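Being a predicted model, the structure only gives us computed values, none of them experimental. Below, chain A is the first sequence line, B the second, and so on; all start at residue 1.
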Number of protein chains: 2
Amino acid sequence: MCAALTQPDLTELAGIMTEVSYPAGKIVFDEGEPADALYNITGGAAKLYKLMPDGRRQVTGFLLQGDLLGLAQNGRHSCSAEAIGQMRACRDVHGRFDALVERFPDLRRRLHHDAVDELVEAQNHMLLLGRKTAVERVVSFLLRLSHRQLRHGFTAQPVRLPMTRADIADYLGRTTETVSRTITKLKTQGVIRLRPESEVELVDAIRLSALAGGEA
Amino acid sequence: MCAALTQPDLTELAGIMTEVSYPAGKIVFDEGEPADALYNITGGAAKLYKLMPDGRRQVTGFLLQGDLLGLAQNGRHSCSAEAIGQMRACRDVHGRFDALVERFPDLRRRLHHDAVDELVEAQNHMLLLGRKTAVERVVSFLLRLSHRQLRHGFTAQPVRLPMTRADIADYLGRTTETVSRTITKLKTQGVIRLRPESEVELVDAIRLSALAGGEA
DNA sequence: CGGATATTTGACGAATCTCAATAGGCGTGG
DNA sequence: CCACGCCTATTGAGATTCGTCAAATATCCG
């Protein structure tokens, strides 16, 4: 987050942020709660999701190291957030952040830029959820994670999957069974390979690109 | 858009914006094009959508009077935009807008606020696309349009549908046939009524709320 | 009034979901 | 170090929703 700020700003920011840690499965906040803090993930991962009254769930995104958590509208969280694996983050203390944004316009620029990025991602995901087949969904997901690893300075291979099949299924809008069957099919076709510790090897990137329905 | 600005800003803005008009079906811009302008819709409507190479389409949103059109990432449009009905808009002339944003921080605030609103809408729509049944999708859609009419200062009833069934279907992630059948079913159950000029009457708001899967 | 377009309806098939059972991983304690 | 138990993942069989293809209406506009 601090990349958008200059030195004196950073000093002030340091006094406002606190290092926090959440165990796997810990709920960071729930949809509808007042949004009184902003988090900058420094380790582990988290998922954002929405629930229906009967329990159906849609995961709207996964957040990895470096992502901002806590973007809100009208001071209320629009999604719930839960830690995946051990999650660490920088958190600002109650209520201070708004004031800081007022003082440092560059911070607003950063927040705006991030919001637009998230929006573009959301649009791509709407295309996936509304129009793609099960195979296209799973392959698109793997390719996106691979690209994301690259952007964050890691290798494109192997793709790490810190989340469960149920999380993936609720992200892709299919059931865990369908996701599992689809992964098996891709494995059988030889375009991916499963490795220990929930890692996936992308064997045939070209064929995968085609299987994704022509995109990322 | 001008609500966020003070008087001297407005004067400068007036010199930069031009009134433009598009006939129904006219493509305002395509995904991937350089984003060199920002539009403020003053009449008619538009749809945003993404296409897959084989022609499958996902409508990511409908824009009505007062909405901003042209939010972009890295200077490229992330969706295509097409006019629905006769569309009018205020458009800034090439390249000037960025400079204006730099000069007037309040404008960035407005853009950021709008982006966050769109993001929240996108999250709700992901839940719809990923987890709702055909009936829930259609009813949610009608209720959202009704609320939107209220927010924009119109009556909640009857709901106006300026877009085609194909547009609705591509927005809801189902086929036109499924949308049509679903509407017929709702009509038969007596919870909605179709009127001339693509207007829909919401007869039983309480039952509709339940049919939407418990939400807006 | 008439052609074109949009919408509705019907019959059938396919993709996916549901329910149920089996297999695999991983951590803990003996 | 290995066995047990729990949780996750995989696999199977049948049910269901929705999509596809095709045809019949309805609606819009000139």
Side-chain angles (χ1 to χ4, degrees), chain A residues 23-25 47 52 54-59 82 84-86 128-139 141-142 160-189 192-200 211 213, chain B residues 23-25 47 52 54-59 82 84-86 128-139 141-142 160-189 192-200 211 213:
Chain A
K47 63 191 173 205
M52 290 177 65
D54 63 3
R56 277 176 286 174
R57 189 177 66 146
Q58 178 64 41
V59 171
E82 184 182 318
I84 295 175
Q86 179 72 24
L128 180 150
L129 291 171
R131 287 303 180 213
K132 292 197 178 180
T133 65
V135 169
E136 288 167 344
R137 289 174 200 231
V138 170
V139 174
F141 176 63
L142 293 174
R160 301 208 51 250
L161 298 178
M163 67 293 284
T164 66
R165 291 287 186 275
D167 289 338
I168 296 172
D170 283 342
Y171 181 58
L172 299 181
R174 294 280 105 118
T175 59
T176 60
E177 292 92 333
T178 294
V179 169
S180 186
R181 278 187 254 269
T182 304
I183 289 177
T184 300
K185 187 195 292 187
L186 293 171
K187 203 171 45 178
T188 304
Q189 294 179 359
I192 66 171
R193 205 171 294 158
L194 293 193
R195 301 215 294 181
E197 301 190 35
S198 307
E199 290 187 345
V200 180
L211 285 174
Chain B
K47 63 190 174 207
M52 290 177 66
D54 64 3
R56 277 176 285 174
R57 189 177 66 146
Q58 179 63 41
V59 171
E82 183 182 319
I84 295 176
Q86 179 70 26
L128 179 150
L129 290 171
R131 287 303 179 212
K132 293 196 178 182
T133 66
V135 169
E136 289 167 345
R137 289 173 200 231
V138 170
V139 174
F141 175 63
L142 293 174
R160 301 211 50 251
L161 298 179
M163 67 293 285
T164 66
R165 291 285 186 277
D167 289 338
I168 296 172
D170 283 342
Y171 181 59
L172 299 181
R174 294 281 106 118
T175 60
T176 60
E177 292 92 332
T178 295
V179 169
S180 184
R181 278 187 254 268
T182 304
I183 289 176
T184 300
K185 188 196 291 187
L186 294 170
K187 204 169 48 178
T188 304
Q189 294 179 358
I192 66 172
R193 205 170 295 159
L194 294 193
R195 301 215 293 181
E197 301 189 34
S198 307
E199 291 188 345
V200 180
L211 286 174

| request: Go through A:Arg56 and B:Thr133 one step at a time and tell me if the side chain to side chain contact (heavy atoms under 4.5 Å, CB included) criterion holds. | output: CA-CA 11 Å; A:Arg56 277 176 286 174; B:Thr133 66; 4.2 Å; yes
| What's the CZ-P distance between B:Arg137 and D:dT17, to the nearest Å? | 14 Å
| said: Show the nearest heavy-atom pair for residues B:Leu194 and B:Val200, with the distance to one decimal. | reply: CD2-CG2, 3.8 Å
| field | Shortest non-hydrogen contact from A:Val179 toward A:Arg165 | value | CG1-CD, 4.1 Å
| query | What is the distance from CG of A:Asp54 to C1' of C:dT18, rounded to the nearest Å? | reply | 15 Å
| request: Rounded to 10°, tell me the angle between the two end axes of the helix from C:dC1-D:dG30 to C:dG30-D:dC1, each built from five pairs. | output: 50°
| query | Looking at the side chain of B:Thr178, which of D:dG19, C:dT16, C:dT8 is the nearest nucleotide? | reply | D:dG19
| request: Would you give the length of the straight line joining atom CG of B:Leu128 to atom CG of A:Leu129, rounded to the nearest 0.5 angstrom? | output: 10.0 Å
| query | B:Arg165 has an atom CZ; how far is it from atom P of D:dC18, in whole Å? | reply | 17 Å
| remark: B:Ile183 CD1 to C:dT9 C1', in whole Å, measures 14 Å
| Toward the 5' end of DNA chain D, which comes first, A:Lys187 or B:Thr133, by nearest nucleotide? | A:Lys187
What's touching nucleotides 21-24 of chain D from the protein side, N or O pairs under 3.5 Å?
residue : atom : partner  : partner atom : Å
D:dC21  : N4   : B:Glu177 : OE2          : 3.1

| message | Run the side-chain hydrogen bond (donor to acceptor under 3.5 Å, both in side chains) test against B:Gln86 and tell me which residues pass, sequence neighbours left out. | response | B:Ser21
| So what does B:Thr184 touch, heavy atoms closer than 4.0 Å: a base, only the sugar-phosphate, or nothing? | sugar-phosphate
| note | Scoring nucleotides 25-30 of chain D by protein non-hydrogen atoms under 4.0 Å (B base, S sugar-phosphate only, - none) yields ------
| Nucleotide D:dC18, atom P - distance to CZ of A:Arg131 in whole Å | 13 Å
| request: With side chain to side chain contact (heavy atoms under 4.5 Å, CB included) as the test, would you mind laying out the steps for B:Arg181 and B:Ile183 before giving the verdict? | output: CA-CA 5 Å; B:Arg181 278 187 254 268; B:Ile183 289 176; over 6 Å; no
| field | Side-chain donor or acceptor of A:Arg160 paired with backbone N/O of A:Ser198 under 3.5 Å | value | no
| task | Measure the spacing between CD of A:Gln189 and CG of A:Leu211 and express it to the nearest 0.5 Å. | result | 6.5 Å
With a cut-off of 3.5 Å and sequence neighbours excluded, list every side-chain donor-acceptor pair involving residues 167-176 of chain B.
residue  : atom : partner  : partner atom : Å
B:Asp167 : OD1  : B:Lys47  : NZ           : 2.8
B:Asp167 : OD1  : B:Arg57  : NH1          : 3.4
B:Asp167 : OD1  : B:Arg57  : NH2          : 3.0
B:Asp167 : OD2  : B:Lys47  : NZ           : 3.2
B:Asp167 : OD2  : B:Thr164 : N            : 3.4
B:Asp167 : OD2  : B:Thr164 : OG1          : 3.4
B:Asp170 : OD1  : A:Arg131 : NH2          : 2.7
B:Asp170 : OD2  : B:Arg57  : NE           : 2.5
B:Asp170 : OD2  : B:Arg57  : NH2          : 2.7
B:Tyr171 : OH   : B:Arg144 : NH1          : 3.3
B:Thr175 : OG1  : B:Thr178 : N            : 3.2
B:Thr175 : OG1  : B:Thr178 : OG1          : 3.1

| remark: Among the nucleotides D:dC18, C:dT8, D:dA9, whichever has the atom closest to the side chain of A:Thr164 is D:dA9
| note | In whole angstroms, the gap separating P of C:dG25 from CG of A:Leu194 amounts to 10 Å
| Which residues, if any, of residues 167-176 of chain A bring a heavy atom under 4.0 Å of DNA chain C? | A:Gly173, A:Arg174, A:Thr175
| Nearest-Å distance for atom pair CG/P, residues B:Leu129 and D:dC18 | 13 Å
